[in-house]
Amino acid sequence: MKKFISHSEKETENFAFELSGNTAWGTVLTLDGDLGAGKTVFARGFARGLGVTEPVSSPTYTIAQEYALDGGKRLYHLDLYRISSAEAGLAFGVDEFFNDPQAIALVEWPERIGEVIPEDAIKITIRHLSAAEREITVDDNI
């Protein structure tokens, strides 16, 4: 387990940027945290680390955002806040995002689909410490 204390959005982005370089293709990462904890800030830094240059925002209303990368690789950014259950997630096709060996999936609000999340997913928790500070915990083997 890794813990990091971020003192700003920039530090959160930089941490995620560096983490992306150690993440294997085919990996699912879950992003746990309250509203406003910094999940999308983390996703933006992670995406930049993979080479995404376009704007990265939360796909709250579209549920999934796909970013094409060099060599046919992809980053999937899912926001499951509007998904009500594992069955609804499967009907949406979340399992296809999780089973792509040429992609990495970042999943916000993974608890909405519980048992559908792969057992080997890497859990990242972002917790408010203060207005600017966040504790980021990575439960993994990265």
Side-chain angles (χ1 to χ4, degrees), residues 1-86 88-90 92-142:
M1 179 188 313
K2 294 180 188 175
K3 281 193 178 188
F4 174 73
I5 303 298
S6 171
H7 300 93
S8 67
E9 284 191 9
K10 187 67 176 164
E11 284 187 12
T12 297
E13 285 185 27
N14 288 342
F15 177 79
F17 184 101
E18 290 182 24
L19 188 68
S20 72
N22 296 317
T23 304
W25 297 104
T27 300
V28 174
L29 296 98
T30 64
L31 301 176
D32 292 313
D34 294 334
L35 284 171
K39 296 181 296 292
T40 300
V41 171
F42 183 95
R44 184 169 53 235
F46 195 93
R48 296 282 176 261
L50 294 177
V52 173
T53 58
E54 62 191 273
V56 175
S57 59
S58 181
T60 301
Y61 296 101
T62 58
I63 300 175
Q65 180 66 45
E66 180 179 342
Y67 300 95
L69 303 166
D70 290 340
K73 307 278 192 210
R74 286 170 298 288
L75 171 65
Y76 300 125
H77 182 194
L78 308 173
D79 184 328
L80 304 179
Y81 187 76
R82 299 192 179 283
I83 298 290
S84 59
S85 66
L90 288 171
F92 181 75
V94 295
D95 53 326
E96 293 177 28
F97 296 108
F98 301 160
N99 294 312
D100 185 342
Q102 297 297 310
I104 294 173
L106 295 175
V107 184
E108 295 186 36
W109 303 102
E111 67 275 11
R112 303 284 190 180
I113 61 168
E115 66 272 11
V116 176
I117 297 291
E119 288 183 22
D120 62 349
I122 296 168
K123 180 179 180 181
I124 298 171
T125 304
I126 305 173
R127 188 171 65 93
H128 285 96
L129 296 180
S130 69
E133 291 182 320
R134 303 293 187 267
E135 177 185 74
I136 303 170
T137 305
V138 181
D139 291 332
D140 74 327
N141 53 6
I142 287 181

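Along the sequence shown, residues are numbered consecutively beginning with 1.
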* Sequence neighbours left out, what passes side chain to side chain contact (heavy atoms under 4.5 Å, CB included) with R82? Give chain and number order. => T60, Y61

* To the nearest 0.5 angstrom, please state how far the CG atom of L50 sits from the CG atom of L75. => 5.5 Å

* Any pair with a residue in residues 109-124 that passes side chain to side chain donor-acceptor pair (under 3.5 Å), sequence neighbours left out, goes on the list, sorted by first then second residue, please. => none

* Asked: Between T30 and I122, is any pair of side-chain heavy atoms under 4.5 Å apart?
  -> no

* To do: For E18, enumerate each residue passing the salt bridge (charged side-chain N to carboxylate O under 4.0 Å, His left out) test, keeping only those at least two apart in sequence or located in another chain.
  => none

* To do: Quick one: list whatever passes side chain to side chain contact (heavy atoms under 4.5 Å, CB included) with Q102, sequence neighbours left out.
  => K73, R74, D100

* Asked: Quick one: salt bridge (charged side-chain N to carboxylate O under 4.0 Å, His left out) pairs with a partner in residues 56-65, sequence neighbours left out?
  -> none

* Structure fact -> Residue set satisfying side chain to side chain donor-acceptor pair (under 3.5 Å) with E135, at least two apart, ordered chain then number -> R127

* Structure fact -> With sequence neighbours left out, the residues meeting ring-ring contact (aromatic ring centres under 6.0 Å, His included) with F97 are Y76

* **Residue pairs fulfilling ring-ring contact (aromatic ring centres under 6.0 Å, His included) with at least one residue in residues 2-33, sequence neighbours excluded** => F4-F15

Enumerate, atom names and distances included, each donor-acceptor pair closer than 3.5 Å involving a side-chain atom of residues 35-48, sequence neighbours excluded.
{"unit_1": "K39", "atom_1": "NZ", "unit_2": "G33", "atom_2": "O", "d": "2.9"}
{"unit_1": "K39", "atom_1": "NZ", "unit_2": "D34", "atom_2": "O", "d": "3.0"}
{"unit_1": "T40", "atom_1": "OG1", "unit_2": "E108", "atom_2": "OE2", "d": "3.1"}
{"unit_1": "R44", "atom_1": "NE", "unit_2": "E13", "atom_2": "OE2", "d": "2.8"}
{"unit_1": "R44", "atom_1": "NH2", "unit_2": "E13", "atom_2": "OE2", "d": "3.0"}
{"unit_1": "R48", "atom_1": "NH1", "unit_2": "V52", "atom_2": "O", "d": "2.9"}
{"unit_1": "R48", "atom_1": "NH1", "unit_2": "E54", "atom_2": "O", "d": "3.0"}
{"unit_1": "R48", "atom_1": "NH2", "unit_2": "E54", "atom_2": "O", "d": "3.3"}

* Go through the structure and list residues passing side chain to side chain donor-acceptor pair (under 3.5 Å) with S6, not counting sequence neighbours. => T12

* Structure fact -> Applying side chain to side chain contact (heavy atoms under 4.5 Å, CB included) to L90 and not counting sequence neighbours gives D95, V116

* Asked: Rounded to the nearest 0.5 Å, what separation is found between the CD1 atom of I136 and the CG atom of L129?
  -> 9.5 Å

* Structure fact -> Hits for side chain to side chain contact (heavy atoms under 4.5 Å, CB included) against S57, two or more places apart or cross-chain, chain-then-number order -> none

* To do: Could you tell me whether E96 atom CD has more than 12 heavy atoms of other residues or ligands within 6.0 Å of it?
  => no

